Amino acid sequence: AGYLEAHQLMLEQADDVLFDWAERGERTRECMNLMRTLRISRDSLRQDFEKALRAAPLQSRGARDLADFDISELALQDGEAVELGIAAQNVVSRVEGRLTRNLFDVRVRLREAENRLGAEVPEVLLDPRLGVDGLVDSLGSLNADVTERLVMIKLYERQLLARFPAMIL
C-alpha cells in the first residue's frame, strides 16, 4: 500500500508543480496539456503501476547466469531511456543509502522468521527498485517529455523516502 500511496501523492504533486510552472509562464501550453493528460490518465497510470508492482516479485532481480546472457542487450539505448534509468537508479541509491540500517534490521528479522517458519520471503519485496521500476514503466504510457517524467520521478522519491521506513518495518 505504501508504494501506491507514494505514487498517488507524486501524481498530486506533479499536478501542483505543472500548475506553478504554467502560472510562471514556463512552457504554459505544454504544462496545461500535461496536466490534462495526467488527470485523464491517472487511473490507467495507477493500473500500470500496480501491474508492474505485482509482476516484479515474479522476475528475478539477481545476477543472471552468463549462459543466458544476450549480447544484443548491449545495444545502444536512446537518450531518454538512459536518463530515466539513471534517475531511477539514483532514487534507489538514495533510499538505500538513507535506510541502510533499517533494511539490514528487517533482513535479519526476515531470515530469523524464515528459519523458524521454514518459509522463504522473497527479498525483492524489500527492494525500493520495485516501486521505482513500476513508476518508470507506468510513465512510459504518458505523453510527456523526459524532463517532465524526471520531475515526477523526483517527486516520487520524496514520497518514497518519507514512507519507505514505515513500509518495511
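Any value given below was found using the heavy atoms of this structure, including those in side chains, with hydrogens, waters and symmetry copies removed. All values reported here derive from a predicted model rather than from experimental measurement.
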Main-chain N/O of Ala144 paired with Arg149 side-chain donor or acceptor, under 3.5 Å: yes
Side chains of Met35 and Met32 in contact at under 4.5 Å (non-hydrogen atoms): yes
Supply the atom-to-atom distance Lys51 NZ to Ser138 OG, rounded to the nearest 0.5 angstrom. 11.5 Å
Is it possible for you to say whether Val132 and Leu9 belong to one hydrophobic cluster, with membership spreading through side-chain heavy-atom contacts below 4.5 Å? no
Do Leu103 and Val95 have side-chain heavy atoms sitting under 4.5 Å apart? no
Can you tell me how far CG of Asp15 sits from CG of Leu155, rounded to the nearest 0.5 angstrom? 11.0 Å
Roughly how far, to the nearest 0.5 Å, is the CD atom of Gln13 from the NZ atom of Lys154? 11.5 Å
Check residues 17-24 and write down every donor-acceptor pair under 3.5 Å in which the side-chain atom is one partner and the other belongs to a residue at least two apart or another chain.
{"residue": "Arg24", "atom": "NH1", "partner": "Glu26", "partner atom": "OE2", "Å": "3.1"}

Correct closest heavy-atom pair for Met10 and Leu135 would be CE-CD1, 3.4 Å
Once rounded to the nearest 0.5 Å, what's the spacing between atom CZ of Arg27 and atom CG of Asp145? 4.5 Å
Rounded to the nearest 0.5 Å, what separation is found between the CZ atom of Arg46 and the CG atom of Leu11? 9.0 Å
Under 4.0 Å between a side-chain nitrogen and a carboxylate oxygen: does that hold for Arg109 and Asp105? no
According to the interplanar angle, ranging from 0 to 90°, do the rings of His7 and Phe49 count as parallel (below 30°), tilted (30 to 60°) or perpendicular (above 60°)? parallel
Answer yes if Leu160 and Leu150 sit in the same cluster of Ile, Leu, Val, Met, Phe, Trp and Tyr residues linked by side chain heavy atoms under 4.5 Å apart, and no otherwise. yes
